[in-house]
Protein chains: 2
Amino acid sequence: MSIAAVERDCGLPKDTLRVWERRYGFPNPLRDRHDERLYPADQVATLRLLRRLVDAGHRPGKVVGRSDEELSGLLRRLDVSTPQAIGSEAQQVLTLLAAYDAVRLREVLNAIVLRAGLGAFAATIGPGLAGAVGAAWSRGELEIHQEHLFTEQFTSVLRSAINAAQGAGAPRGRPRVLFGTFPQEPHALGLLMAEAMFTLEGCIGISLGVQTPIPEIAAAARAHGADILALSFSSTFPAPQAMTGLAELRALAPETVEIWAGGACPGLRPKAGCLVFRELSAIAPAVGAWRARVAEPASEAHP
Amino acid sequence: MSIAAVERDCGLPKDTLRVWERRYGFPNPLRDRHDERLYPADQVATLRLLRRLVDAGHRPGKVVGRSDEELSGLLRRLDVSTPQAIGSEAQQVLTLLAAYDAVRLREVLNAIVLRAGLGAFAATIGPGLAGAVGAAWSRGELEIHQEHLFTEQFTSVLRSAINAAQGAGAPRGRPRVLFGTFPQEPHALGLLMAEAMFTLEGCIGISLGVQTPIPEIAAAARAHGADILALSFSSTFPAPQAMTGLAELRALAPETVEIWAGGACPGLRPKAGCLVFRELSAIAPAVGAWRARVAEPASEAHP
DNA sequence: AAGCGTATTTGTCCAGGACAAATAGACGAA
DNA sequence: TTCGTCTATTTGTCCTGGACAAATACGCTT
């Protein structure tokens, strides 16, 4: 496996792979006849473990070079310290994934939405399911393609529900909400769940999709006459970059636009002109508060 | 703008940016106090033009270093040589994008699906619209976020329609089709349109999502008991890699599984054990032929 | 005109050095 | 104790310039 392939597969940049090798003696790839690195499959697997640990906050110097057993031990400890009681729904989902039963998986997800409602699904159950699947993957109980499969079905079900919710009921219009992620953030699931929450509150929601450059987000906010910019940050997003990006966005976007950030990114903190949401369930009351806030000054007209 | 930002924004790897600078004298970035490259916005814009031209088949040595006017001229020539008569629907879509009217855009797309049917939408109209939007972007008439916006709404509408089609009518079951793209291919639109075509034929379709490693695709095919692997390649996918990847997949996947490849990738050619589809409309008859083929030998049981 | 071998172009990789950004640890003040 | 500030260490990213393989164009032959 070439260094470029490992970069794609493990998400570790080439420069990092080379500098780890120089500093810690691992990875220790073979060389082909032209002195290019060839990574054996087992080292790639170890690198994947390392990636998880580093994302979780371990320092490379402390973990790179240790044996697979030790690393797995550390990962297990992380998993149990994340006290994620696996509900019966999650258990069912994992079973279906293990059996590769995509059709039934979608039926089950649709059934959960119908029974619990879109709000509870997006705010509580969905994140729980996604967390359980991610944890199972990190324990090696699922293959990547099974995680892909879950993401696909989940996205599909959620999108349909949002579409339906948008048609039903009289939308109240304001606030107009724009959804997006920063360029380093390719995960769409969190964004989609937030979109569901806003849609349920009768907001007009417009998604820019993932990985939109910050100046573009600001330009879009201006062009759409948006009231709120909703940004999503997954747990692997580098916190300092999130804060820098938010400051940049705050400077570029119109002053009247509010910036609401959310997601599992650990270092995400409120900042001047930016609200931070730890829970998706906090969106509904916040929208209510926004409406009360802009209605009161009576200075804003409906364009 | 740092070299990493340009890499993200233009899709040109850092190594390539540096080597172009060394060989052709362009780009010619400023340096910050620590000698790191700082790309001015206008050079980044030129790099985006260059990227389009190189993707379209121009050789870097012939175009890097030329003036913006010359480059725009070459791009225009490309656009007219792509004889894409813009239909009234595409015109309407571009107008709505220019006005940032996401809500009406979705309504219009939904209306087209209802009027023309999902089949015509996925096979003909959809690719036409996507092509028109891409061309408008390359002419500088649209911003990136407007292209994102289109992709989002298009995806949403198409997914809903697929979901509806899946529920309606008695699915005939076989063939079981698995959808996916190779790791270097992040575009989901082509895959989604193919999924629509197969779903209309009553196939059981399962999507692995984009960027699945080749061994994972093969493993999934085995696990799902798939009959057909459907791969999508966009116009920017490097053709040699597509052919190498298909050969690798052919070697890893079960012999009984057929591999069907499609998309706008120019160098995509049929190969032993792999079919290539130039048009999405060719899928429907091909599924019919598949059914006739496997029904005849009568050696396969329904598991 | 189509197939094949050679020349040129072009992207990716390498080494090893450098330093800024991020983090941990020590220290002092409320 | 708990919080903020300052310093030391760690860590990722960028640098240069050289090398070569893979991809492409070109010229030759059939």
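Naming: A, B, ... by sequence-line order, numbering from 1 per chain.
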**Request:** For A:His34 and for B:Lys62, locate the closest nucleotide of DNA chain C by heavy-atom distance; then report the residue assigned to the nucleotide nearer the 5' terminus.
**Result:** B:Lys62

**Request:** Output yes when at least one side-chain N/O atom of B:Thr16 is less than 4.0 Å from OP1 or OP2 of C:dT12, else no.
**Result:** yes

**Request:** Please report, rounded to the nearest Å, how far the C1' atom of D:dC14 is from the CD atom of B:Glu21.
**Result:** 13 Å

**Asked** Hey, is the side chain of B:Arg18 pairing donor to acceptor with the base of C:dG11 inside 3.5 Å?
**Response** no

**Complete:** B:Tyr39 OH to D:dC14 C1', in whole Å, measures 11 Å

**Asked** Under 3.5 Å, is there a donor-acceptor pair between the B:Thr212 and A:His145 side chains?
**Response** no

**Asked** Taking the side chain as C-beta and beyond, is there a heavy-atom pair between A:Ser72 and A:Glu69 under 4.5 Å?
**Response** no

**Fill in**
Residue pair A:Glu36/B:Glu7 against DNA chain D: nearer the 5' end by closest nucleotide is B:Glu7

**DNA chain C: 5'-proximal contact among A:Arg31 and A:Gly57 (nearest heavy atom)** = A:Arg31

**Prompt:** Which of the following nucleotides, D:dC14, D:dT11, C:dC13, is nearest to the side chain of A:Ile3?
**Reply:** C:dC13

**Asked** Whole Å only: how far is the CG atom of B:Asp15 from the P atom of D:dA22?
**Response** 17 Å

**Prompt:** Rounded to the nearest Å, what distance is computed from the CZ atom of residue B:Arg37 to the P atom of nucleotide D:dT13?
**Reply:** 17 Å

**Request:** Could you tell me whether a side-chain N or O of B:Ser232 sits under 3.5 Å from a main-chain N or O of B:Thr181, the two making a donor and an acceptor?
**Result:** no

**Length of the CG-C1' vector between B:Asp55 and C:dG11, whole Å** = 14 Å

**Message:** Using ring centroids (six-membered ring only for Trp), state whether A:Phe277 and A:Trp260 fall under 6.0 Å.
**Reply:** yes

**Asked** Which whole-number value in Å describes the distance from A:Leu17 CG to C:dA15 P?
**Response** 13 Å

**Short side-chain N/O contact to D:dC14 OP1/OP2 from B:Lys14, under 4.0 Å** = yes

**Minimum-distance nucleotide to B:Ser2 side chain [options: D:dG18, D:dC14, C:dA24]** = D:dC14

**Request:** Please state how far atom CZ in A:Arg51 lies from atom P in D:dG12, giving the value in whole angstrom units.
**Result:** 11 Å

**Prompt:** Between B:Thr151 (side chain) and B:Glu147 (backbone), is there a donor-acceptor pair under 3.5 Å?
**Reply:** yes

**Item:** Nearest-nucleotide pick for B:Pro13, side chain only, options being C:dG11, D:dC14, C:dT12
**Value:** C:dT12

**Message:** Tell me the interatomic distance from B:His58, atom NE2, to D:dT24, atom C1', rounded to whole angstroms.
**Reply:** 15 Å

**Asked** Which comes earlier along DNA chain D counting from the 5' end, the contact point of A:Tyr24 or that of B:Asp35, where each point is its nearest nucleotide?
**Response** A:Tyr24

